[in-house]
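Values reported hereafter were calculated over all heavy atoms of this structure, with side chains retained and with hydrogens, waters and symmetry mates removed.
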Amino acid sequence: MASQNIEAIRRSYAGFRDRDIEGILSGMHPDVEWVHPEGMAAYGLGGTKLGHAGIKEFLAHVPTVLGGMKLAPQEFIEQGDRVVVFGTREVTSRRGTTVTLDFVHSWTMRDGRATRMEDIFDTVAFHQLIES
């Protein structure tokens with residue numbers, strides 16, 4: 001059986017799969033930090049978003065930049081209050097080009113809820129897709 005932390009993160013990924021914002025947020029503290037590479041700032045997708053409201057605002061902006069995205073978390077590694085997830089995401093540009101890109105998500109947990117999620121990925125490949 002998976003730990004409380006991994007189960008909370010899996011609920012968030014299920015929310016992504018189901019396009020259920022409340023499901024995404026269910027495993028996150030109200031004051032969560034949602035961190036994406038600064039290299040994505042040109043598209044409004046970089047930097048740190050704070051709290052549930054910041055995540056909702058970020059997720060509402062994504063469709064203005066991308067045609068779609070599906071996350072496929074594959075491996076969960078837990079050490080103390082940290083869970084690292086390795087996976088892939090199938091990303092579609094607004095023009096219809098689809099590619100599969102690797103990601104690493106670093107989750108910091110407290111009392112079974114995320115206080116920080118950092119998305120680590122190849123921003124150059126992501127820029128190329130957005131511009132394709």
Stepwise side chain to side chain contact (heavy atoms under 4.5 Å, CB included) test for Glu33 and Lys49: CA-CA 6 Å; Glu33 295 178 339; Lys49 310 304 184 244; over 6 Å; no
Mind checking the CG-CZ spacing from Asp31 to Arg113? Nearest 0.5 Å is all I need. 9.0 Å
Decide yes or no for Arg116 and Glu118: does some side-chain heavy atom of the first lie under 4.5 Å from some side-chain heavy atom of the second? yes
Do the side chains of Leu50 and Met117 join up, straight or via other hydrophobic residues, at under 4.5 Å, putting them in one cluster? no
Is there side-chain contact between Ile55 and Leu25, with heavy atoms separated by less than 4.5 Å? yes
May I ask you to test the Trp107-Met28 pair for a side-chain heavy-atom distance under 4.5 Å? yes
Side-chain polar contacts of residues 58-65 - donor-acceptor pairs under 3.5 angstrom, sequence neighbours left out - could you list them?
unit_1	atom_1	unit_2	atom_2	d
His61	ND1	Thr64	OG1	3.2
His61	NE2	Tyr43	O	2.8
Thr64	OG1	His61	O	2.6

Residues Ser93 and Leu129: closest non-hydrogen pair is CB-O, 3.3 Å
Would you indicate whether Glu7, at its atom CD, is surrounded by more than 12 heavy atoms from other residues, nucleotides or ligands within a distance under 6.0 Å? yes
With salt bridge (charged side-chain N to carboxylate O under 4.0 Å, His left out) as the test, would you mind laying out the steps for Glu131 and Arg94 before giving the verdict? CA-CA 9 Å; Glu131 298 299 327; Arg94 294 196 32 92; over 6 Å; no
Ring centroids only, cut at 6.0 angstrom: are His105 and Phe76 within range, meaning strictly under it? no
Evaluate Lys70 against Phe16 for side chain to side chain contact (heavy atoms under 4.5 Å, CB included), listing each step before the verdict. CA-CA 8 Å; Lys70 295 178 186 174; Phe16 278 108; over 6 Å; no
Just wondering, do Ile130 and Leu66 contact through their side chains at under 4.5 Å, heavy atoms? yes
I'd like to know if the side chain of His52 reaches the main chain of Val32, judged simply by a donor and an acceptor atom lying under 3.5 Å from each other, with no hydrogens or angles considered. no
What do the steps show when you test Ser3 against Glu78 for side chain to side chain donor-acceptor pair (under 3.5 Å), and what is the final call? CA-CA 9 Å; Ser3 73; Glu78 184 172 21; 2.7 Å; yes
Do Val104 and Val35 belong to the same hydrophobic cluster, where Ile, Leu, Val, Met, Phe, Trp and Tyr are linked whenever their side-chain heavy atoms lie under 4.5 Å apart, directly or via other members? no
Straight-line distance of Gln4 CD to Asp111 CG, nearest 0.5 Å: 7.5 Å
Would Arg110 and Thr115 satisfy side chain to side chain donor-acceptor pair (under 3.5 Å), going step by step from the backbone distance to the final call? CA-CA 6 Å; Arg110 185 176 71 230; Thr115 58; 4.9 Å; no
Over 12 foreign heavy atoms within 6.0 Å of CD, Gln74: yes
Gln128 CD to Leu101 CG distance, which is reported to the nearest 0.5 Å: 9.5 Å
Short question: side chain of Asp18, backbone of Asp20 - any donor-acceptor pair under 3.5 Å? no
Less than 4.5 Å apart, any side-chain heavy atom of Glu22 and any of Lys56? yes
Regarding Thr100 and Glu90, do their side chains bring together a donor and an acceptor under 3.5 Å, going by distance alone? no
Within the 3.5 Å criterion, strictly below it, is a donor on Ser106 or Arg82 matched to an acceptor on the partner's side chain? yes
In this structure, which one of Phe86, Phe126, Phe103 forms a ring pair (Phe, Tyr, Trp, His ring centres under 6.0 Å) with Phe121? Phe126
Are Ile77 and Ile120 joined in one hydrophobic group, where the rule is that I, L, V, M, F, W and Y side chains link up if heavy atoms are under 4.5 Å apart? yes
Can you tell which of Thr123, Leu45, Asp119 makes a side-chain contact (heavy atoms from CB on, under 4.5 Å) with His36? Asp119
Does Met69 reach the side chain of Arg89, with side-chain heavy atoms less than 4.5 Å apart? yes
Which atoms form the tightest heavy-atom contact between Ala8 and Met109, and what is the distance? CB-CE, 4.0 Å
Are Leu71 and Val85 connected in a single hydrophobic cluster, I mean Ile/Leu/Val/Met/Phe/Trp/Tyr linked by side-chain heavy atoms less than 4.5 Å apart? yes
Nearest heavy-atom approach of Arg10 to Ala2 is NH1-CB, 3.6 Å
